[in-house]
Amino acid sequence: MIVASFNINGIKARLPALVDWLKEASPDVAVLQEIKSVDEGFPREPIEDLGYNLETHGQKGFNGVAILSKSPMEDVTRGLPGDDTDEQARYIEATVNGLRICGLYLPNGNPVPGPKYDYKLAWMQRLQNRATQLLATEQPFLMAGDYNIIPQAEDAARPEVWTDDALYRLESRNAYRRLTNLGLTDALRATTRADKTYTFWDYQAGARQKNNGIRIDHFLLCPQTADRLQSCEIDAHVRDREKPSDHVPIKVTLDF
DNA sequence: ATGACACGTTCAACGTGA
């Protein structure tokens, strides 16, 4: 079973690129971030024509997440628990073949300090609470998406420029480490020692050509799921195609 | 020191992103 995550930066602008990649990679499940569309505006047919069931959690203009699955999805829930006043569409869950899939788009958090950073840290605490709940169920699960966190210095081409940024400052990295300290496995670091491995390159200043990237899209696996991890790959070549997203897909192969 | 690039909203210019 292949599960993938892809921040597409707008479904309307990225539909051809998404369809091309789905045909090529053919993931069984894919979580998408930044669909930037309301549910009614999502172009369902091209996705469904490829054999995918589709669940969206969108909002107007910004954010928005979705899950695609070749197999039926059960118990779909929208929104991250823990704050009934949070109206940003950043989180969706569904169960596929007994595996709980959590798709997330974690807040950017800049500028620091400020309300956006406070929201990011509070959101990460809520995510930790949700992970703790799921661990207690002993049901296999994974949390995949755009975490907007550079976990360690080796996850940025130029870590020194990110020192005070919401994606990398110590307080952010500590919050991410609290997740892994619960017993969640970062799938990429569990399967490769390759360096200069990134999932995002800025559109500006030739960042892709210089491989001036950052690794901010992650798969965190619970112990039962990590035991079945076979590989984790980043489809970096997608970044060099026509009209690309600034992120590329990351995918895991699981013995499910 | 600044802007650079892209997307969505909506048609001129701004908010947001990372």
Side-chain angles (χ1 to χ4, degrees), chain A residues 5-21 31-43 56-66 86-91 103-121 123-124 127 144-173 175-176 188 196-218 234 236 238-250:
Chain A
S5 172
F6 191 2
N7 180 322
I8 57 175
N9 190 16
I11 183 59
K12 294 177 187 70
R14 210 68 57 220
L15 188 58
L18 175 62
V19 166
D20 285 349
W21 170 74
V31 295
L32 305 180
Q33 302 87 38
E34 286 206 86
I35 65 174
K36 294 187 176 180
S37 166
V38 293
D39 295 336
E40 310 80 65
F42 195 100
T56 60
H57 179 39
Q59 73 179 82
K60 188 176 179 179
F62 305 101
N63 306 325
V65 290
D86 185 359
E87 293 181 345
Q88 298 191 32
R90 295 179 174 275
Y91 191 81
L104 64 99
Y105 174 46
L106 209 146
N108 173 305
N110 283 304
V112 180
K116 291 187 175 182
Y117 192 59
D118 296 340
Y119 174 66
K120 176 176 193 156
L121 293 178
W123 207 95
M124 293 187 79
L127 186 64
D146 177 359
Y147 280 75
N148 270 319
I149 292 284
I150 301 165
Q152 301 189 96
E154 55 263 44
D155 298 312
R158 300 178 59 198
E160 67 279 2
V161 306
W162 296 95
T163 305
D164 300 315
D165 193 280
L167 276 63
Y168 184 68
R169 69 195 304 268
L170 186 58
E171 206 172 357
S172 302
R173 283 182 283 132
Y176 184 80
L188 187 97
K196 299 180 171 53
T197 301
Y198 311 121
T199 65
F200 170 92
W201 296 263
D202 201 293
Y203 287 118
Q204 304 178 61
R208 171 59 180 166
Q209 289 70 26
K210 298 173 189 165
N211 197 24
N212 179 18
I214 50 179
R215 188 176 75 94
I216 56 175
D217 299 85
H218 310 301
I234 295 169
V238 171
R239 187 64 177 79
D240 299 319
R241 292 182 175 169
E242 283 283 307
K243 211 167 155 55
S245 171
D246 40 8
H247 295 250
V248 295
I250 175 173

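This one's a predicted model, so the numbers in the text were calculated from it and none came from an experiment.
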Of A:I35, A:V238, A:I8, the residue whose pairing with A:L18 passes side chain to side chain contact (heavy atoms under 4.5 Å, CB included):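 So the option named by the test is A:I8.
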Option from A:N211, A:N212, A:D246, A:I214 for which side chain to side chain contact (heavy atoms under 4.5 Å, CB included) with A:W201 holds: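 Exactly one candidate clears the test, A:N211.
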5′-ward residue of the pair A:A205/A:G61 relative to DNA chain B: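 Its nucleotide being nearer the 5' end, the pick is A:A205.
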Which residue lies more 5' along DNA chain B, comparing A:P244 with A:Q88 via nearest heavy atoms: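 Nearest nucleotide further toward 5': that of A:P244.
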Expressed as a whole number of Å, how far does the [atom1] atom of [N] sit from that of [M]?
N	M	atom1	answer
B:dT16	B:dT10	C1'	16 Å
B:dC11	B:dC5	P	25 Å
B:dA13	B:dA1	P	29 Å
B:dA6	B:dA12	P	23 Å
B:dG3	B:dC14	P	13 Å

Donor-acceptor under 3.5 Å (A:Q33 side chain, A:N7 main chain):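 Yes: the side chain of A:Q33 pairs with the backbone of A:N7.
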[X] [atom1] to [N] [atom2], straight-line distance once rounded to whole Å:
X	N	atom1	atom2	answer
A:I11	B:dT9	CD1	C1'	18 Å
A:D246	B:dG17	CG	P	12 Å
A:K243	B:dA6	NZ	P	8 Å
A:N7	B:dA6	CG	P	16 Å
A:F62	B:dC14	CZ	P	14 Å
A:E34	B:dT16	CD	P	13 Å
A:I35	B:dG8	CD1	C1'	13 Å
A:I214	B:dG17	CD1	C1'	11 Å

For [X], answer base if it contacts any base atom (sugar-phosphate contacts may also be present), sugar-phosphate if it contacts only those atoms, and nothing otherwise; contact means non-hydrogen atoms under 4.0 Å.
X	value
A:A13	sugar-phosphate
A:D165	nothing
A:D146	sugar-phosphate
A:N9	sugar-phosphate
A:Y168	nothing

Ring geometry between A:Y147 and A:H218 (parallel below 30°, tilted from 30 to 60°, perpendicular above 60°):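 Rings of A:H218 and A:Y147: tilted, as their planes differ by 30° to 60°.
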Residue pair A:R173 / A:I150, side-chain heavy-atom distance below 4.5 Å: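 No, their side chains stay 4.5 Å or more apart.
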Of the nucleotides [options], which has the atom closest to the [X] side chain?
X	options	answer
A:R14	B:dA6, B:dC5, B:dG17	B:dA6
A:Y203	B:dT10, B:dA18, B:dC5	B:dC5
A:F200	B:dG8, B:dA18, B:dG15	B:dA18
A:K116	B:dG8, B:dA6, B:dT16	B:dT16
A:K60	B:dC7, B:dT9, B:dA18	B:dT9

Contact under 4.0 Å: A:H247 side-chain N or O vs B:dA18 OP1/OP2: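 Looking at the OP1 and OP2 atoms of B:dA18, one of them is under 4.0 Å from a side-chain N or O of A:H247.
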Contact under 4.0 Å: A:N108 side-chain N or O vs B:dA18 OP1/OP2: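 Yes, within the criterion.
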Atom NZ of A:K60 with >12 non-hydrogen neighbours under 6.0 angstrom: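 Atom NZ in A:K60 is not crowded, with 12 or fewer foreign heavy atoms closer than 6.0 Å.
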Heavy-atom neighbours of A:E87 CD exceed 12 at 6.0 Å: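 Counting other residues, nucleotides and ligands, CD of A:E87 stays at 12 neighbours or fewer.
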